[in-house]
Amino acid sequence: MSSADEARELQERARDCAQHSAERVDMLDRAARLADSAADARLGYEIRDDLIEAAVFAGEPQRAMVAFAWCLALCDESPEEFPESNLHWKYKWMAQSIADFPEVSREQVFALLDDMQARFQRRGVGENAVLKLRALAAEALGDVAELERYFSAWNGASRDELSDCNACDISQQIGLLTRLGRDDEAIDKMQHLLDSRQRCLEVPAMTYGMIQFALLRKHDLAKALAYHRVGYPQLKQLRKDGVPHIGEHLALLAVANEHGRGLRILRDGMPLAADHAVGFPRLRFLVGAQVLLQRASTRQETATLTVPPAFGGDGKNDKRDLASVAALFADRARALAAAFDRRNGNAGISGWTEERLALATLELSPLPSAP
Amino acid sequence: MQQLFQVNLRGIIELLSNHLYSGPHVFVRELLQNAVDAITARRDVLGLPSDVEAAVRIAVQHGDALPRIVFEDDGIGLTEAEIHQFLATLGESSKRRVGERGRAGESDLIGQFGIGLLACFLVSDEIVVRTRSRREIDAPCVEWRGRQDGTYSVAIVNDDSLAGGTRVSLAARDDRSEWFQANKVRELLEHFGALLRCPVYFGPERINREPPWRAQRGDRDEFEQAVLELGRSCFDVVPMDWVPLRAQTGNVDGIAYVLPFAPNLAEPRRHRVYLKGMLVSDKSTDIVPSWAFFVQCVVDATQLRPTASREALYEDELLEAAREELGLCIRAWLMHLAKNDPRRLTNLIGVHHRAIKALAADDDDVLSLFADFLPFETTRGTLSFAEIREQGSSIEHATSLDAFRQMAPVATAQGKLLVNTGYSFDQDVLTRACALHSLSLNELDATTLSEELDDLSPADQENTQAFLTLAQEALERFGCDVALKEFRPEELPAFYATSRDVDFRRQLTRTREKTKGIWSSVLGSIAGPPLDAQRPILCLNHRNPLMRRLARLDDHEAVPHALELLYVHALLLGHQPLRAIEQQLMPKAILGFIEWGLAVQSAGRLQ
């Protein structure tokens, strides 16, 4: 079988793999390499088109970006053969994760957003999609003032063919409102999202996590737990792409003193989080995990955890007690936050991190026993 | 004093058709539901003797004008006062969620009746309702005629054909007459009402039947027949097996049909969900846990909540608890099979091992029961975990399809058993299965494999040191390390040891060669620090006779050329597309080598 044929066959088989799976990404990766060996530019482009999407939803934005950059270069090189408009939707996914890498500078983030904006403008669409992405970037750039500004601007810009679906937009609004401390609005929007039953591939699975912090600030433990029970099984299905929000569930379980359940979820999520290549999702996981470990250890939980190398452990045989893992995670979270601060030129992410770590000492009145 | 008022029917109809219901066919469900509610009310309020059949009867009439549909029920009927009551509710409809049913209380039932009628305006311009209440002795027959434009009349009429209950009659709207075709109506009645408890007749034919879990239990064979018949009519599939379902939460009964083929993991299964016998959805994906993708289910619940349009189940804790319970049924059945019917289990696993692995990846009890039966791809063909265990106390696996393919020949030649865990769930399942049996599990990627290969004897190491230094220098500019080892098979002169990370970095480097501007710089940033990066290794085989001879050379021209060629050759063998500098290498290295060979021959310097 020729390389090109094998590439096509792998591309087909990849379609049968589970959504969000690493398997699908691996197959398409291999298929892309085979297409390249066969010097088939069009096939390589088409396979990478699939690969970008597979990698985004498998929680592998690095791989997605590499594939995307290749495709975009082809579009720029041969615009007649490879129309750029096909990549515009995917450019939004790239823009959504770019600021999550602390290795990427502020200038690079803005240059990328500007490049995307220029291309969208040439296409003739409005600003709705770009403004949303600038707002999301502002969160990872630790700039609350910019976040407010872009958030309003986004809500005021009319929707068009490049705007996200309603469900995604509402979900992100909930996330940003929570970040801005506008908890009542966030909670109302969440109710509206659920009532209207709008959904898409990752909504409301992600949103059940995003809303937790607002509910904890409002001391609504009952609703937080109800959302957790429905939302976590959905989140779990997103595998590595769900990593940033596992932390939010862990923090909730910590405050609700449900340590057993929390530790089970932590053990399940840890390999995924350790394997995640991107800073901000790892940080989100770490802060939630730390809060759980901190509280569990102060309440005399005597379990042990194996810490993966990516989080500072030695691997297989490095079993540690919860208090020492809590300390380790606190250090790592603060170090990662500091890396973001250096990149951002402000203390936004450290502040965000400390706020979340402080949940370890939040005491809410216990819930009445279940009916 | 009675007041007549204009109801904004227009607005409400628009709301229903554009924002609530998925299509005009819903009118059949609404009229059916009205009829069923009326019969239920009659039973609850007045009692229904067991020898009396309270049924719903539907007929289609073709006159010379447009066709009509008639729905008649033996339910409780409406009084004149109740008719005015539902009109009042219609006027208030903007204040409540339209179409919301299921709330307790008779006044709500009246209100729902009116809202249900509105759906008829999706297909008709005029609704005629004749009804006689059974609550009052000698109740009159009241007729209500409502029109699309919002006008209506209420009058008492003489109609002896209606002893009690309600008759709703609709004439087709011109552009909707296809909904009034007899076979269409019959299809819709069956679609929505196949499991309803009270008898539903279309003409002389009874549309619905008791589902197997409600029917009088005959012998086991009859039950099985009923189950298979239901499966056939719902899914048009002959199942491999079936599982009875029961959940206390939500009071759910049903059957899970085991598919006779391995389903596509990317597509969720779509199940049929009924609420009190009325179809809610034939596209439900969340009534059973997601790991149960090898079954397709029919269930009937009495206590789960539907959404406003009644076309889906409301996602709440009730549904979640019911889902878990149904999952437990399936799981218990699998466990039962494992303990008591290994032949059936083997058949099942043969087709559905992916599904079972998905379940076992999360659930230690299922894992411990099934682990030994689960198949894995290995360098010795497909083996069950039990067979893999027999091979030794230490198991090695490759976590990607690529890595497996690359290392398989070397592993085989070394007498090692290598398991391919590049498929979804395999890695999780194998890890947990090994933990359960206290077996050690080692991940092999090519870079760790190369470390495990044998080193040369100290004497050989000394003799080949000069060569190795030259070789490493030669490949430094490609970011590739060189190692000299001894391994089987002898015929393999070298292999290019890579890993997922190494491949990724290579892909990134190649991509950077193509990009400009911001993307080039971004890729550089996300690559991560070069010091931390793993490097590929070109592993040369000292057991190979040619390599042994090569390794005795310390010629500053021959060795670099040879290495460059070996490197590119290894890349091509591994289907690795070449970077720009590697592509430039080929012609240069070949020609250089030929020149060197000629020079050596003419100078008589061959060893």
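We name chains A, B, ... by the order of the sequence lines, and we start the count at 1 in each one.
No other option in A:Pro204, A:Ala18, A:Ala67 has as many heavy-atom pairs under 4.5 Å with chain B as A:Ala18. Here A:Gln108 is the residue among A:Gln19, A:Gln108, A:Glu103 with the most heavy-atom pairs under 4.5 Å with chain B. With chain A as partner, the option from B:Ile526, B:Leu578, B:Leu319 having the largest number of non-hydrogen pairs under 4.5 angstrom is B:Ile526.
Using modelled atom types, one finds no donor on one side chain facing an acceptor on the other under 3.5 Å when comparing B:Tyr496 with B:Gln406. Side-chain contact annotation: A:Ser37 with B:Gln576, donor-acceptor N/O pair under 3.5 Å absent.
With a threshold of 4.5 angstrom between heavy atoms, A:Leu74 does not approach chain B through any atom at all. Looking at A:Arg199, only its side chain comes within 4.5 Å of chain B, counting heavy atoms on both sides. For chain B, the nearby parts of A:Arg33 are the backbone and the side chain; heavy atoms of each come within less than 4.5 Å. Residue contact with chain A, scored on non-hydrogen atoms closer than 4.5 Å, is absent for B:Asp426. Residue A:Pro102 does not touch chain B at all, counting heavy-atom pairs closer than 4.5 Å. In this structure, no portion of A:Glu107 lies under 4.5 Å from any heavy atom of chain B. Of the atoms belonging to A:Asp115, it is side-chain heavy atoms, and not backbone ones, that fall under 4.5 Å from chain B. Of the two parts of A:Tyr227, neither the backbone nor the side chain holds a non-hydrogen atom closer than 4.5 Å to a non-hydrogen atom of chain B. At a 4.5 Å heavy-atom cutoff, the contact between A:Arg15 and chain B is made by backbone atoms alone.
With sequence neighbours excluded, no residue forms a salt bridge (Lys or Arg N to Asp or Glu O under 4.0 Å) with B:Asp501. Applying the salt bridge (Lys or Arg N to Asp or Glu O under 4.0 Å) test to B:Glu317 and every residue at least two apart in sequence or in another chain returns nothing.
Within residues 508-517 of chain B, the residues having any heavy atom less than 4.5 Å from a heavy atom of chain A are, in residue-number order, B:Leu508, B:Arg510, B:Thr511, B:Lys514, B:Thr515.
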Practice prompt. Given salt bridge (Lys or Arg N to Asp or Glu O under 4.0 Å), test A:Asp275 with A:Arg239 step by step and report yes or no.
Written response: CA-CA 11 Å; A:Asp275 198 39; A:Arg239 308 194 201 195; over 6 Å; no
Fill in: Audit row: A:Asp5, A:Arg8, salt bridge (Lys or Arg N to Asp or Glu O under 4.0 Å) steps and yes/no
CA-CA 5 Å; A:Asp5 286 337; A:Arg8 276 187 209 100; 3.3 Å; yes
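Within the 6.0 Å centre-distance limit, the rings of A:Phe57 and A:Trp93 are counted as a close aromatic pair.
A:Asp114 has no carboxylate O lying under 4.0 Å from a charged side-chain N of A:Arg119, or vice versa, which leaves the two without a salt bridge. Salt bridge B:Arg323/B:Glu320: absent, no basic N to carboxylate O contact under 4.0 Å.
Screening residues 22-32 of chain A for salt bridge (charged side-chain N to carboxylate O under 4.0 Å, His left out), with sequence neighbours left out, gives A:Glu6-A:Arg30, A:Glu23-B:Arg354, A:Asp26-B:Arg500, A:Asp29-A:Arg63, A:Arg30-B:Asp402.
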